[in-house]
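Note sheet for the following structure.
This structure is a prediction, so every number in the text was calculated from the model and none was measured.
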Amino acid sequence: MMTMLPSAARIAMCALCAASVGLLSACSAPGTAPSPSATAAAQPNYLLVHFTSETVDGEQLYFATSQDGYRWTDLNGSKPVLRSTLGDGGVRDPAIVRSPDGDKFWILATDLRIANGKGWPAAMNKGSTKLVIWESADLVTWSAPRLVDVAGAIPDAGCAWAPEAIYDEASGDYLVYWATISPADGITKPRIYSARTRDFVSFTPATLYIDRPGTTGLIDTQIVKVDDPTARYRYVRASGDGQLTVEGATTLMGKWDILGDLQPLGLTGKDVEGPILFKIAQTGEWGMWVDQYARKGGYLALVSDDLSRPERMRRVDAASVDYGQSKKRHGSILNITTDEYRRLQARWPVGSTRNASLL
């Protein structure tokens with residue numbers, strides 16, 4: 001979820017800015033996971049990585065944990081856990097990735113700090129083309145952050161926002177994808193670009209991955225793998241394109257079928273943006289969190305027994321969900337083991353505050 005400007009406003013602003021220069025302007029969380037039954041037994045807990053706001057410390061990384069996917073507790077006294085002073089000096093839109101063997105983790109984030117006063121037009125059209133990346137072997141000891149320029153070679157690229165990654169079993173590497181605003185075919189708008197990596201250090205050149213016809217922009221894509229041999233699709237993705245559109249495919253680079261959106265729930269791109277998709281191990285259902293940006297309502301939890309059928313998505317009773325103390329914006333949820341959950345609780349206790357690691 002790229003919780004920057006509201007989706008409709010961001011796409012409209014992209015067109016406005018471009019016009020001024022003569023142009024129209026598992027499910028696994030990212031990565032892989034075992035089968036659903038194995039996940040329920042081995043990874044029955046959850047880690048949420050997120051940012052909070054355009055304040056002094058809001059554009060840094062925060063952690064929260066849950067034992068059921070519905071009731072969340074902020075770690076480190078609701079203060080940042082990881083901090084970046086590189087690039088723009090802040091981070092947003094983090095995605096957390098687990099390796100196929102489960103022995104390494106990466107966090108990818110947008111290199112952006114709106115709190116520095118640069119403004120949205122500059123951030124969109126003259127912003128950073130780099131991602132900020134951390135890595136860890138245990139979720140509690142993290143490397144120093146590093147900058148990787150993934151979009152700098154895209155002609156007139158204005159930004160690199162809301163990165164995500166998923167392991168591609170067919171090629172044995174990771175597909176990393178993000179939104180960049182740039183001109184193509186006479187139209188400047190946000191599109192999804194991608195690159196490949198095996199180590200999150202070296203990346204292949206960026207290529208166009210997802211586009212929409214005409215002037216329709218595209219943001220906030222997340223892809224998850226469906227570990228169910230009876231499922232209609234092996235991969236499902238959700239994107240913001242004026243609606244919150246759900247698509248399915250049998251391979252990451254194959255044909256994607258449009259499956260629907262959230263209009264049956266009365267939700268359009270004017271209401272919500274930036275989905276978080278994850279598997280609820282205890283029930284085998286799929287969780288989808290969407291940001292109610294239009295009314296500044298924070299996350300809204302949805303759930304379904306079949307992610308590939310958006311019409312079966314339903315709202316979770318508000319009384320059943322506790323998002324924790326802090327307001328959470330664009331984040332990523334990872335299924336974790338009980339040992340990992342305990343390590344996180346011990347490293348950043350709920351009721352105490354440790355200084356965020358600059359590393």
**Study point:** From CG (L175) to OG1 (T197), nearest 0.5 Å
**Key:** 11.0 Å
**Study point:** D185 atom CG, neighbour heavy-atom count above 12 within 6.0 Å
**Key:** no
Exercise for review: Classify the angle between the aromatic ring planes of Y177 and Y209 as parallel (below 30°), tilted (30 to 60°) or perpendicular (above 60°).
Suggested key: tilted
Check your understanding: With side chains defined as the heavy atoms from C-beta onward, is the minimum distance between D168 and Y174 less than 4.5 Å?
Key -> no
Check your understanding: Is a side-chain donor or acceptor of W348 paired with a backbone partner of Q345 at a separation under 3.5 angstrom?
Key -> no
Review point. Is any side-chain heavy atom of T65 less than 4.5 Å from a side-chain heavy atom of L75?
Key: yes
Exercise for review: Please check if the side chain of Q60 supplies one atom and the backbone of S84 the other of a donor-acceptor pair under 3.5 Å.
Suggested key: yes
Check your understanding: Got a sec: does the CG of D68 have more than 12 other heavy atoms crowding it under 6.0 Å?
Key -> yes
Check your understanding: Would a 4.5 Å heavy-atom cut-off, applied to side chains only, mark V97 and F105 as touching?
Key -> no
**Study point:** K328 and Y299, any side-chain heavy atoms less than 4.5 Å apart
**Key:** yes
Point to revise | R295-Q292 side chain donor-acceptor pair, cut-off 3.5 Å | key: yes
Practice item. Taking the side chain as every heavy atom from C-beta outward, state whether R314 and E285 have any atom pair closer than 4.5 Å. Key: yes
Point to revise | Pair D306, S304: side-chain N/O donor-acceptor within cut-off below 3.5 Å | key: no
Check your understanding: How far does CG of L82 sit from OG of S136, to the nearest 0.5 angstrom?
Key -> 9.0 Å
Review point. When R196 is tested against each of T204, D173, T207 for side-chain hydrogen bond (donor to acceptor under 3.5 Å, both in side chains), which residue passes?
Key: D173
Point to revise | Verdict with reasoning, T129 to D149, per side chain to side chain donor-acceptor pair (under 3.5 Å) | key: CA-CA 6 Å; T129 57; D149 192 352; 2.8 Å; yes
**Study point:** Candidate pair K79 and D57, rule salt bridge (Lys or Arg N to Asp or Glu O under 4.0 Å), full reasoning
**Key:** CA-CA 8 Å; K79 300 297 183 182; D57 284 332; over 6 Å; no
**Study point:** Min side-chain heavy-atom separation L244-L267 under 4.5 Å
**Key:** no
**Study point:** Close side-chain approach of D211 to K189, heavy-atom, < 4.5 Å
**Key:** yes
Study note, to complete from the structure: To the nearest 0.5 Å, atom CD1 of I336 lies from atom OH of Y341 at 8.0 Å
Practice item. Answer yes or no: is there a side-chain heavy-atom contact under 4.5 Å between R191 and L218? Key: no
Check your understanding: Rounded to the nearest 0.5 Å, how far does OG1 of T283 lie from OH of Y70?
Key -> 5.0 Å
**Study point:** N45 and T338: side chain donor to acceptor below 3.5 Å
**Key:** yes
Revision key, fill the gap. ring-ring contact (aromatic ring centres under 6.0 Å, His included) filter on Y323, not counting sequence neighbours, yields W289
**Study point:** Ion pair R329/E54, N-O distance below 4.0 Å
**Key:** yes
Exercise for review: Determine, stepwise, if the pair S99 / D101 fulfils side chain to side chain donor-acceptor pair (under 3.5 Å).
Suggested key: CA-CA 5 Å; S99 69; D101 295 332; 5.7 Å; no
Practice item. Please state whether the rings of F63 and W142 are parallel, tilted or perpendicular, taking 30° and 60° as the class boundaries. Key: perpendicular
Check your understanding: Does the pair S239 and D241 meet the rule for a side chain to side chain donor-acceptor pair (under 3.5 Å), with working shown?
Key -> CA-CA 6 Å; S239 304; D241 58 2; over 6 Å; no
Exercise for review: Go through the side-chain N and O atoms of Y293 and D271 and say whether any donor and acceptor fall under 3.5 Å apart.
Suggested key: no
Exercise for review: Please say whether more than 12 non-hydrogen atoms of neighbouring residues, nucleotides or ligands are located less than 6.0 Å from NZ in K126.
Suggested key: no
Review point. In Å, rounded to the nearest 0.5 Å, how long is the span from CD1 of I219 to CD1 of I192?
Key: 8.0 Å
Exercise for review: Show your reasoning for whether salt bridge (Lys or Arg N to Asp or Glu O under 4.0 Å) applies to E247 and R212.
Suggested key: CA-CA 13 Å; E247 299 168 277; R212 293 288 192 252; 3.1 Å; yes
Practice item. Just jot down the ring-ring contact (aromatic ring centres under 6.0 Å, His included) partners of Y193, sequence neighbours excluded, or say none. Key: none
**Study point:** salt_bridge(K118, D88) N-O dist < 4.0 Å
**Key:** yes
Practice item. Give a yes or no on whether the backbone of R113 and the side-chain of N116 come within a donor-acceptor separation of less than 3.5 Å. Key: yes
Review point. Just checking, R92 and W161: is the charged tip under 6.0 Å from the six-membered ring centre and within 45° of the axis?
Key: no
Review point. When you look at N76 and Y62, which way does the side chain to side chain donor-acceptor pair (under 3.5 Å) test go after all the steps?
Key: CA-CA 8 Å; N76 202 37; Y62 295 72; over 6 Å; no
**Study point:** Salt bridge present between R146 and E135 (N-O < 4.0 angstrom)
**Key:** yes
Practice item. For T110 and V91, indicate whether the former's side chain and the latter's backbone hold a donor-acceptor pair under 3.5 Å. Key: no
Check your understanding: Is it true that a side-chain atom of T180 and a backbone atom of C159 form a donor plus acceptor pair closer than 3.5 Å?
Key -> yes
Review point. Is there a donor-acceptor contact under 3.5 Å linking the side chains of S78 and S326?
Key: no
